Number of protein chains: 2
Amino acid sequence: MASAAPRTLADLPTGHPCGGCDARRVALCGVLDCTDLTTLRCLGGTQALTGGHALFHEGDRASQVYNITNGAIRLTKLLPDGRRQVMGFMFPGDFLGITLGDEHAFTAEALGDTLLCRFPRARFDEFVEEHPELERELYRKAAHELAAAQAQMLLLGRKSAAERLASFFLDLAARQQRLTAATSRFVDLPMCRADVADYLGLTKETVSRLLAQLKQQRLLRLETLNQVELLDLPGLTTLAEGGADMLAA
Amino acid sequence: MASAAPRTLADLPTGHPCGGCDARRVALCGVLDCTDLTTLRCLGGTQALTGGHALFHEGDRASQVYNITNGAIRLTKLLPDGRRQVMGFMFPGDFLGITLGDEHAFTAEALGDTLLCRFPRARFDEFVEEHPELERELYRKAAHELAAAQAQMLLLGRKSAAERLASFFLDLAARQQRLTAATSRFVDLPMCRADVADYLGLTKETVSRLLAQLKQQRLLRLETLNQVELLDLPGLTTLAEGGADMLAA
DNA sequence: CGCGTGCTTGACCAATGTCAAGTATGGTGG
DNA sequence: CCACCATACTTGACATTGGTCAAGCACGCG
């Protein structure tokens with residue numbers, strides 16, 4: 001998957017100055033607001049990636065900072081024997097690659113054709129230096145990510161497979177609604193089943209089977225392979241919180 | 001356990017001004033250095049807790065910030081049906097209760113008799129306001145906690161029970177060595193088996209069985225029920241990283 | 001229309017959880 | 001100081017969940 005043949009990158013907009021940046025989208029991440037952007041957009045270039053290609057690898061020197069403008073990114077960690085944990089998925093508006101150390105703590109790969117706004121790290125750091133109020137924003141961002149990571153620890157440590165899947169869909173739905181500022185029962189799945197499995201600490205077969213089960217319980221429906229319709233939000237929520245034995249139905 | 005009869009709190013030092021604070025210990029946390037301390041120690045009082053008692057609960061208003069001076073604290077999250085995930089353990093020098101929202105994201109309970117240095121949150125926030133360089137330190141602290149949480153996600157999502165236990169002991173050993181600035185093969189376990197289990201996403205029975213197995217493989221030894229001697233650091237490390245089938249031995 | 005990849009489903013298996021004794025430990029009171 | 005008790009730990013037998021391995025299916029691309 002990571003070695004899919006690169007397709008023509010030429011037909012994706014690339015290069016300086018940052019043509020792919022949309023101030024409203026970058027603003028969504030909460031780290032920088034639109035005012036900052038007028039300055040920051042001069043710093044960056046655009047980077048395009050086709051599906052399966054890595055933006056950087058775990059252990060790489062963190063020399064760039066990115067903001068996704070289009071597409072989606074998968075963050076993964078590997079064990080020496082190849083077992084993989086997906087640490088999260090990133091969507092337009094999310095910042096990526098900001099780290100305290102000089103090395104990236106995970107690998108970032110595109111889930112499909114993806115556009116990013118890229119900033120040299122040194123210039124990003126300078127920019128933060130010049131705008132000390134951003135320090136607070138970086139802290140805020142780290143604190144939010146920490147809260148998300150802790151929720152995921154609860155999920156991985158104590159939830160059943162069905163509860164994990166329900167939590168996942170609700171989470172994706174919430175993120176997509178925040179992004180589009182619209183409310184829809186439809187959730188896009190830009191990642192494959194194996195990615196979902198590696199995110200939830202399961203296997204792709206288990207994800208498939210549970211999808212069938214949730215479908216049969218009328219909690220959701222597969223519109224296409226990569227789009228689900230959530231049919232019963234309260235039911236899914238109850239299941240996700242471990243509040244009921246929905247499985248007996 | 002949470003309802004163990006309170007023993008005499010009187011025989012633990014309490015009250016203002018912060019008599020229990022040890023500047024060197026507070027400095028260990030990396031958030032405040034000794035210089036800050038001369039100021040900050042005027043702000044706080046001391047709080048004592050006996051084993052099993054809660055410092056605060058998940059969802060409580062976060063009105064205080066704490067620094068542990070003695071003992072150990074367990075941080076937990078609960079699912080509605082009572083399943084519990086231990087989010088982490090805190091030791092002397094660790095800060096506790098700093099959060100962006102107004103509510104605590106987890107419950108904090110003492111593992112044994114524990115002393116803390118307590119600061120009203122409003123005064124702590126003021127203090128940070130007056131010392132903007134602390135903003136950076138708070139960010140650093142959050143980033144470290146995030147890295148730890150992500151390592152734990154990998155553990156919970158993809159490691160086997162034996163790998164989890166080995167990782168846990170190595171982790172505890174590293175923390176205790178950082179705290180005491182000494183290197184020792186002995187690791188103290190201030191928490192019970194169920195706490196370890198809930199931290200690692202296992203059951204206390206599995207923890208017990210795996211302890212027996214690691215013992216039999218001569219990777220470690222139980223000095224007492226609450227202290228292990230790590231006999232084979234390289235072996236434990238290999239096991240923790242999932243690098244080998246140590247189980248076949 | 002055919003092929004490849006990814007998804008689903010089934011049969012079986014292994015790891016870990018559950019339930020239930022049995023045992024050790026450490027604190028308490030005699 | 002010892003004996004007892006409560007609690008926590010260990011161990012065993014068995015159940016269950018989810019993983020593994022192996023077809024088969026279907027979607028989407030060429």
Side-chain angles (χ1 to χ4, degrees), chain A residues 1-5 7-8 50-52 81-85 111-113 155-165 189-216 221-228 242 245-248, chain B residues 1-5 7-8 50-52 74 81-85 111-113 155-165 189-198 200-216 221-228 242 245-248:
Chain A
M1 156 192 329
S3 57
R7 276 177 291 156
T8 47
T50 50
D81 66 356
R83 276 174 288 173
R84 191 181 72 151
Q85 177 69 30
L111 286 173
D113 293 348
L155 179 148
L156 291 169
R158 286 295 173 237
K159 288 189 185 176
S160 74
E163 289 161 4
R164 294 180 198 196
L165 202 60
L189 306 174
M191 70 295 286
C192 69
R193 300 291 187 267
D195 290 337
V196 176
D198 284 350
Y199 182 56
L200 300 177
L202 303 170
T203 60
K204 59 185 193 302
E205 291 93 337
T206 298
V207 169
S208 246
R209 274 188 258 272
L210 285 167
L211 218 38
Q213 193 180 317
L214 297 182
K215 222 159 50 178
Q216 194 211 309
R221 202 174 65 79
L222 277 180
E223 174 71 17
T224 72
L225 274 181
N226 293 300
Q227 189 181 46
V228 293
D245 266 307
M246 306 288 301
L247 303 178
Chain B
M1 156 193 329
S3 57
R7 277 176 292 156
T8 47
T50 51
R74 169 184 70 216
D81 65 357
R83 276 174 288 173
R84 190 181 75 149
Q85 177 69 30
L111 286 173
D113 292 349
L155 178 147
L156 291 170
R158 285 296 174 237
K159 288 189 186 176
S160 73
E163 290 160 4
R164 293 180 200 196
L165 203 59
L189 306 175
M191 69 294 288
C192 68
R193 300 290 187 267
D195 290 338
V196 176
D198 284 349
L200 300 177
L202 302 170
T203 60
K204 59 183 192 303
E205 290 92 338
T206 298
V207 169
S208 246
R209 274 188 259 271
L210 286 167
L211 218 38
Q213 192 181 315
L214 297 182
K215 222 161 48 182
Q216 194 210 311
R221 201 173 67 78
L222 277 180
E223 174 71 18
T224 72
L225 274 182
N226 293 300
Q227 188 182 47
V228 292
D245 266 308
M246 305 290 302
L247 304 177

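All of these numbers come straight from a predicted model, not from anything done at the bench. Reminder, nothing fancy here: chain letters follow the sequence lines and each chain counts from 1.
Between the CG atom in A/L156 and the CZ atom in B/R158 there is a gap of 9.0 Å [rounded to 0.5 Å]. Taking OG1 of B/T224 as the start and CG of B/L189 as the end, the distance is 7.5 Å to the nearest 0.5 Å. A distance of 6.0 Å separates CG in B/N226 from CZ in B/R193, rounded to the nearest 0.5 Å. Note: B/L225 CG to B/C192 SG = 11.5 Å, rounded to the nearest 0.5 Å. Note that CG of B/L211 is 12.5 Å distant from CZ of B/R221, once rounded to the nearest 0.5 Å. Interatomic distance, A/L165 CG to A/L202 CG, rounded to the nearest 0.5 Å: 7.5 Å.
The distance from atom CG of B/L200 to atom C1' of C/dA15 is 16 Å, rounded to the nearest whole Å. Taking atom CZ of B/R193 as the reference point, atom P of D/dT10 lies 4 Å away to the nearest angstrom. In this structure, the CG atom of B/L211 is 17 Å from the P atom of D/dA8, given to the nearest Å. Rounded to a whole Å, the CZ atom of A/R83 is 10 Å from the P atom of D/dT20. Rounded to an integer number of Å, the gap from CG of B/D81 to P of C/dG17 is 15 Å. A/Q213 places its CD atom 14 Å from the C1' atom of C/dT8, with the value rounded to the nearest Å. Nucleotide D/dC9 holds its C1' atom 13 Å from the CG atom of B/L189, rounded to whole Å. Rounded to whole Å, the distance from CZ on A/R209 to C1' on D/dA22 is 12 Å.
The end-to-end axis angle of the helix from C/dC1-D/dG30 to C/dG30-D/dC1, rounded to 10 degrees and based on five pairs per end, is 40°.
Remark: the backbone N or O of B/L222 is not paired with any side-chain donor or acceptor of B/Q227 at under 3.5 angstrom.
Positionally, the nearest nucleotide of DNA chain C for B/L202 lies more toward the 5' end than for the other of B/T224 and B/L202. For the pair A/E205 and A/L225, nearest-nucleotide mapping onto DNA chain D gives the more 5' position to A/E205.
Considering only side-chain N and O atoms, B/T206 lies nowhere under 4.0 angstrom from the phosphate OP1 or OP2 of C/dT16.
For A/A212, whose side chain is taken as the heavy atoms from C-beta onward, the closest listed nucleotide among C/dG17, C/dT9, D/dT20 is C/dT9.
Among the atoms of the strands shown, only primed sugar atoms or phosphate atoms (P, OP1, OP2) are found under 4.0 Å from some heavy atom of A/L222.
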